[in-house]
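Heavy atoms only: backbone and side chains are in, while hydrogens, waters and symmetry mates are out. Order of the sequence lines sets the chain letters (A, B, ...), proteins ahead of strands, with each chain counted from 1.
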Amino acid sequence: MKALISSQQRRAKIYARIFVTAAFAVLGLSLLVLVLLFADLVMQGLPRLSTAFLTSFPSRFPEQAGILSAWVGSLCVVLLCMLFAIPVGIATAVYLEEYMNKSWYNSWIEICLGNLAGVPSIIYGLMALGLFVYQFDLGASVLTAGLTLSLLVLPIVIVSARESIRNVPDNLKEAAYALGASKLQMLRHHQIPYAQSGIFTGVILSLSRALGETAPLLTIGALTFIAFLPQTPFQDTFPWINFNWLGDPYTVLPIQLFNWTSRPQTEFHQNAAAASLILVTLTVLLNLTAIVLRNRSRRKYQW
Amino acid sequence: MFHTNASKPFLIFLLMLGLNATANARTTVKVDGSSTVFPITEAVAEEFQKEQKGKILVTVGISGTGGGFKKFCRGETDVQNASRPIQATEDLQCKESKIGYIELPIAYDAITIVVSKKNTWLKDITLAELEKIWAPAAQGKTMTWDEVRTGWPKKPVRLYGAGSDSGTFDYFTEVVNHKAKVSRSDYTSSEDDNTLVQGISQDDSGLGYIPFAYFEHNRNKLSHVAIKTPQGKLLSPSTTTIAEGTYTPFSRPIFIYVSARALEKPEVGAFVNYYLKNLSTLAAQVNYVPLPEKLNAMVRSSFEKKQTGSLYPKTDEIGLNLETLLRKNARQ
Amino acid sequence: MRSPFKRALEFVVERLLGLAATLSVGITFGILFILFREAIPFFEHVTLKEFFLDTQWSPLFSPARYGIVPLLVGTLVTTLIACTFAIPAGIMVALLLSEYVPNRVRVWLKPIIELLAAIPSVVFGYFALLVVTPFLQKLIPELQGFNRLSAGLVLGLLILPYMASLAEDAFKSVPRSLREASYALGANRFTTAFGVVVPASFSGLSSAAILAISRALGETMVVAIAAGMLPSMSLNPLEPSATVTAYIVQVSLGDLPHQSIGYQSIFAAGLMLSLVTFSLNIVAHRIKLRRMERSDG
């Protein structure tokens with residue numbers, strides 16, 4: 001008996017060591033690639049970074065070209081995207097987990113969702129072209145882009161929200177009910193807070209995806225050369241805020257990047273590297289907010 | 001629902017939008033279409049906006065010639081960048097939407113046959129040899145260079161070219177194989193000409209066709225291959241030979257199409273006039289070959305007369321001499 | 001006890017949430033509808049037999065050939081390479097993060113891995129073409145300039161953060177009590193990880209895997225740039241190929257007139273890809289259900 005246990009233990013120790021080495025190797029490799037990518041971008045693009053680069057419009061002269069319209073456009077579009085995708089995604093996840101009965105319809109919805117995650121982004125673009133641009137007559141505007149991207153990232157938000165809601169232990173929910181909470185109260189004050197950290201992961205992944213998209217936006221009319229910004233939402237007369245900027249034309253960073261990379265002049269390639277750095281920085285900054293919030297909820301809501 | 005204060009970041013975002021520079025008058029000219037013509041239109045738009053001091057804004061998209069025509073014939077854009085003449089189906093669409101168009105050739109885009117600088121033996125090639133290499137029958141059959149011309153080494157034939165959805169592909173195949181889209185398909189194709197440059201420059205046994213601008217910027221990596229006429233003359237691409245029209249048949253005109261309906265807006269007319277006036281300088285700046293001045297003058301006059309319709313017959317005929325067409329048009 | 005107002009609120013909220021859920025289903029059907037509608041004119045010209053049985057895809061050449069299988073082979077091979085790398089790697093990294101690494105480290109390490117997802121796919125594509133391929137060519141001289149191996153590996157890198165991050169969330173949700181019980185029985189971290197945590201989080205893991213696979217199937221830019229545009233039936237990863245997505249992007253942004261059959265072919269191709277994804281999802285769902293039944297019982 002003793003010999004058996006110790007040989008099992010020995011095997012477990014060996015496997016454990018192999019696993020840890022392999023896992024750290026994989027981790028190391030991925031981080032190495034990340035570092036390589038960054039190093040390459042930084043070497044090419046850092047010399048080009050300057051306030052002028054961030055505040056100029058595109059130009060045929062690489063030294064004068066800048067990404068002002070691109071990063072403003074990216075910011076507007078992605079924030080709109082999150083504004084639509086997060087509430088709808090969470091609402092769908094809540095409904096699917098808490099309200100729907102485990103019927104065949106529910107299975108179909110899960111399959112549909114997995115399917116949606118795999119639809120190539122350009123197909124979303126083509127669909128959005130028919131639906132938002134023509135049917136709803138929203139034109140080639142910031143609003144269309146936000147809506148299209150939100151459809152694109154919705155599956156990510158839903159899947160991660162759903163998993164995290166599902167993983168909240170039943171005893172926590174039952175405890176809430178036992179104290180007399182209604183379903184709504186239980187959701188609002190108990191289940192969703194505990195599921196928050198997983199939801200934030202979904203938000204982080206979707207932000208990154210939305211910021212990096214090129215093809216669907218090109219299809220719905222994002223521009224490549226635009227030397228002005230969307231209108232300011234502030235105005236002098238009541239109600240002091242307007243939403244005209246939603247209907248304005250725009251461009252986004254990945255499109256500018258892609259366009260510059262395909263030019264023959266190497267100076268434009270440098271611009272593209274600099275723009276990539278800005279794009280990654282922008283993504284990281286936006287992600288940081290979600291990451292900080294996620295860490296806070298993880299600490300607060302442990303089980 | 002979320003136990004955080006989300007309103008602060010949102011306010012900051014609104015504030016940032018408020019710090020934008022704005023244009024009060026949003027008169028905009030919308031241009032879309034080919035990515036080949038894009039660099040020229042971008043240059044014009046940039047200078048035009050500077051001259052107008054922001055009173056007239058110009059936006060340029062790159063949906064491709066096909067996508068651009070679709071929008072153009074729906075009245076969504078004012079000017080269309082096209083790397084090829086309008087086709088019959090598109091012309092019909094425009095007719096159905098009652099959008100007349102003015103066709104304006106603006107520059108030459110030349111296709112250059114290139115090999116790596118490492119290649120020491122491929123200096124010129126005849127059209128017949130090109131056909132031997134690129135015909136569909138060559139797929140899997142013509143695999144080494146000595147089969148193409150005696151005296152060339154027995155090295156593998158490796159080809160690079162434009163993607164099959166592009167106007168460059170249509171044009172090249174029409175010239176070499178006498179019918180558009182007819183080609184062997186086992187070659188490295190890419191939308192991104194930089195990738196082709198990269199591939200060819202590292203391959204001492206490779207041959208490819210790329211736009212002239214990409215060759216110009218990579219003279220340190222690539223050598224051009226002269227076209228040998230049946231009479232033995234060698235045609236090399238350069239800004240002079242392309243402009244004169246002697247580098248045939250591999251130079252093709254590229255166009256902008258102006259919507260007659262859009263011309264009712266004064267800003268569109270102002271833009272196109274500026275375009276035609278400054279075309280030669282700006283096109284040269286972005287490495288395209290502008291049309292010779294006499295042809296430019298004919299194009300300008302056809303715009304002034306607002307002559308609608310296309311000079312190109314709908315039979316996808318290629319290699320038609322632009323000068324002949326324009327002269328014929330001017331006489332009418 | 002419960003005011004009628006509260007009851008009404010509950011009812012309204014439930015209906016609103018239901019509306020949100022219907023939206024997702026609506027989108028799926030919207031996409032399928034558009035694909036079908038645009039693909040119909042294509043199938044008026046091309047027989048289904050030719051579409052499924054022809055071994056060459058060259059719709060933009062003359063004479064055109066419309067066999068979809070080469071495109072599917074291209075997509076599947078690249079996805080397979082990507083997932084063979086990313087799914088095990090993602091699970092391993094996630095286990096490291098959740099079981100081995102101290103909290104202080106995990107707090108910044110997980111976001112760094114998620115940073116991989118922040119890199120635009122265009123940048124990954126050029127990375128594959130200009131860095132990975134030349135490097136691999138030193139190890140494998142027959143590797144061609146455009147090839148599926150580099151594209152697949154880099155694609156794997158692209159989906160690694162999805163797999164790792166979601167898997168880590170799944171592992172973190174396994175109650176501590178289960179782990180403690182395992183340790184109490186004398187298991188070490190590795191046995192606990194593979195014997196308890198992984199099986200307990202199977203549902204989350206499979207969702208993550210399905211998401212990752214779907215993402216790989218639908219990825220456009222990386223394969224468009226690095227794998228080339230040469231539809232072929234070959235399974236050799238050292239050669240170029242064409243994926244469905246790269247083809248769709250190439251044509252929709254190209255010079256073809258939108259009424260032409262060449263353009264319509266992208267909808268037929270997109271439809272095929274959706275059907276493949278759909279079937280994969282159904283299969284995965286079945287496996288998941290069966291596994292959950294077994295573990296619940």
Side-chain angles (χ1 to χ4, degrees), chain A residues 12 15-16 19 22-23 26-27 30 33-34 37 88 91-92 94-96 99 107 109-123 127 130 151 154 158-160 163-164 167 169 182-184 198 201 204-205 208 212 214-215 218-219 254 257-258 276 279-280 283-284 287 291 295, chain C residues 2 6 10 13-14 17-18 20-21 23-25 27-28 30-31 34 89 92-93 95-96 107 111 114-123 126-127 157 160 162 165-166 169-170 173 175 188 190-191 204 207 210-211 214-215 217-218 220-221 245 248-249 252-253 270 274 277-278 281-282 285:
Chain A
Y15 287 160
F19 167 73
V26 168
L27 186 63
S30 321
V33 169
L34 200 59
L37 256 170
V88 174
T92 309
V94 168
Y95 186 78
L96 289 175
Y99 286 90
S107 296
I109 294 189
E110 263 202 70
I111 296 173
C112 277
L113 282 177
N115 211 31
L116 279 181
V119 173
S121 47
I122 187 143
I123 303 262
M127 184 193 75
L151 289 186
L154 205 55
I158 294 178
V159 166
S160 50
E163 277 309 313
S164 41
N167 282 321
S182 71
K183 187 147 195 166
L184 203 55
T201 305
I204 292 169
L205 292 173
S208 308
T214 327
L218 277 174
T219 318
L257 225 154
F258 197 40
S276 304
L279 180 56
V280 176
T283 316
V284 169
N287 279 350
I291 290 171
N295 284 344
Chain C
R2 197 150 289 159
K6 276 229 172 102
E10 299 250 341
V13 167
E14 179 173 347
L17 295 178
L23 188 69
S24 322
V25 181
I27 300 170
T28 315
I31 291 177
I34 294 241
M92 286 202 286
V93 169
L95 275 177
L96 271 189
V107 160
E114 281 161 348
L115 206 63
L116 276 173
I119 298 182
S121 45
V122 193
V123 175
Y126 284 111
F127 179 68
L157 271 174
L160 183 67
Y162 287 84
S165 212
L166 289 172
D169 279 345
S173 328
N188 64 7
F190 171 76
T191 322
S207 299
I210 293 174
L211 201 67
S214 302
R215 180 83 173 82
L217 279 172
T220 316
M221 283 303 172
T245 45
I248 296 178
V249 167
S252 66
L253 299 176
S274 296
T277 323
F278 213 70
N281 270 296
I282 295 182
H285 188 77

*Asks:* Measure distances from A:Val159 to the heavy atoms of chain C and classify the residue's part below 4.5 Å as side chain, backbone, both or neither.
*Replies:*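 Answer is side chain: those atoms of A:Val159 sit under 4.5 Å from chain C.
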
*Asks:* Quick check: do C:Ser214 and A:Val119 have side-chain heavy atoms less than 4.5 Å from each other?
*Replies:*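 A side-chain contact under 4.5 Å is absent here.
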
*Asks:* Do you know which of C:Val93, C:Ile119, C:Ile27 has the most heavy-atom pairs with chain A at a distance under 4.5 angstrom?
*Replies:*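 When all of C:Val93, C:Ile119, C:Ile27 are compared, C:Ile27 has the most.
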
*Asks:* In terms of heavy-atom pairs under 4.5 Å, which option from C:Leu95, C:Ile34, C:Asp169 contacts chain A the most?
*Replies:*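 Top count of heavy-atom pairs under 4.5 Å with chain A: C:Asp169.
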
*Asks:* When rounded to the nearest 0.5 angstrom, what distance separates OG in A:Ser182 from NZ in C:Lys6?
*Replies:*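 Those atoms lie 6.5 Å apart.
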
*Asks:* Does a side-chain heavy-atom distance below 4.5 Å link A:Thr201 with C:Glu114?
*Replies:*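 A side-chain contact under 4.5 Å exists here.
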
*Asks:* Mind ranking C:Thr245, C:Val13, C:Leu96, C:Val123 by heavy-atom pairs under 4.5 Å with chain A and telling me who comes out on top?
*Replies:*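 Option with the greatest count: C:Leu96.
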
*Asks:* Side chain, backbone, both or neither: which part of A:Leu184 has a non-hydrogen atom closer than 4.5 Å to chain C?
*Replies:*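 Both the backbone and the side chain of A:Leu184 come within 4.5 Å of chain C.
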
*Asks:* Could you look at A:Ile123 and say if it's the side chain, the backbone, both or neither that has a heavy atom under 4.5 Å from chain C?
*Replies:*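 Interface part for A:Ile123: side chain.
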
*Asks:* Quick check on the interface: out of A:Ser160, A:Ser276, A:Ser30, who has the most heavy-atom pairs with chain C under 4.5 Å?
*Replies:*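 Maximum pair count with chain C is reached by A:Ser30.
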
*Asks:* Mind listing the closest non-hydrogen atom pair of A:Tyr95 and C:Ala21 along with its distance?
*Replies:*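 Taking every non-hydrogen atom into account, CD2-CB, 3.6 Å.
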
*Asks:* Taking C-beta and beyond as the side chain, do A:Val284 and C:Leu115 meet within less than 4.5 Å on heavy atoms?
*Replies:*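 Yes, at least one pair of side-chain atoms sits under 4.5 Å.
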
*Asks:* Checking heavy atoms, do the side chain of C:Val107, its backbone, both or neither come under 4.5 Å from chain A?
*Replies:*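 Answer is both: backbone and side chain atoms of C:Val107 are under 4.5 Å from chain A.
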
*Asks:* Looking only at heavy atoms, which two atoms of A:Met127 and C:Gly30 are closest? And how far apart?
*Replies:*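 A:Met127 and C:Gly30 have their closest heavy atoms at SD-C, 3.9 Å.
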
*Asks:* List the atom of C:Gly204, the atom of A:Glu163, and the distance in Å for their closest heavy-atom pair.
*Replies:*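 Closest approach of C:Gly204 to A:Glu163, heavy atoms only: CA-OE1, 3.2 Å.
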
*Asks:* Taking all heavy atoms of C:Ala20 and all of A:Thr92, pick out the closest pair and write down the distance.
*Replies:*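 Closest heavy-atom pair between C:Ala20 and A:Thr92: O-OG1, 3.2 Å.
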
*Asks:* Give the member of C:Leu160, C:Thr220, C:Leu116 that has the highest number of heavy-atom pairs under 4.5 Å with chain A.
*Replies:*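 Among the listed options, the one with the most contacts to chain A is C:Leu116.
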
*Asks:* Checking heavy atoms, do the side chain of C:Leu157, its backbone, both or neither come under 4.5 Å from chain A?
*Replies:*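 Looking at C:Leu157, just its side chain touches chain A.
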
*Asks:* Count the heavy-atom pairs under 4.5 Å between each of C:Leu217, C:Leu211, C:Thr191, C:Ile210 and chain A, then report the option with the highest count.
*Replies:*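 Highest number of pairs under 4.5 Å: C:Leu211.
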
*Asks:* So which part of A:Ser164 gets closer than 4.5 Å to some heavy atom of chain C, the side chain, the backbone, both or neither?
*Replies:*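 For A:Ser164, there is no contact with chain C at all, as no heavy atom is under 4.5 Å.
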
*Asks:* Shortest non-hydrogen contact from A:Ser208 to C:Ala117?
*Replies:*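 Between these two residues, the closest heavy atoms are CB-O, 3.2 Å.
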
*Asks:* Can you tell me which portion of A:Leu27 sits under 4.5 Å from chain C's heavy atoms? Options are side chain, backbone, both or neither.
*Replies:*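 Its backbone and side chain both get close to chain C.
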
*Asks:* With the side chain counted from C-beta on, respond yes when A:Leu205 and C:Leu166 share a heavy-atom pair under 4.5 Å apart, and no when they do not.
*Replies:*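 A:Leu205 reaches C:Leu166 side chain to side chain.
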
*Asks:* Looking at A:Gly198, A:Ala23, A:Gly212, which makes the most heavy-atom pairs under 4.5 Å with chain C?
*Replies:*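 Counting heavy-atom pairs under 4.5 Å, the top option is A:Ala23.
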
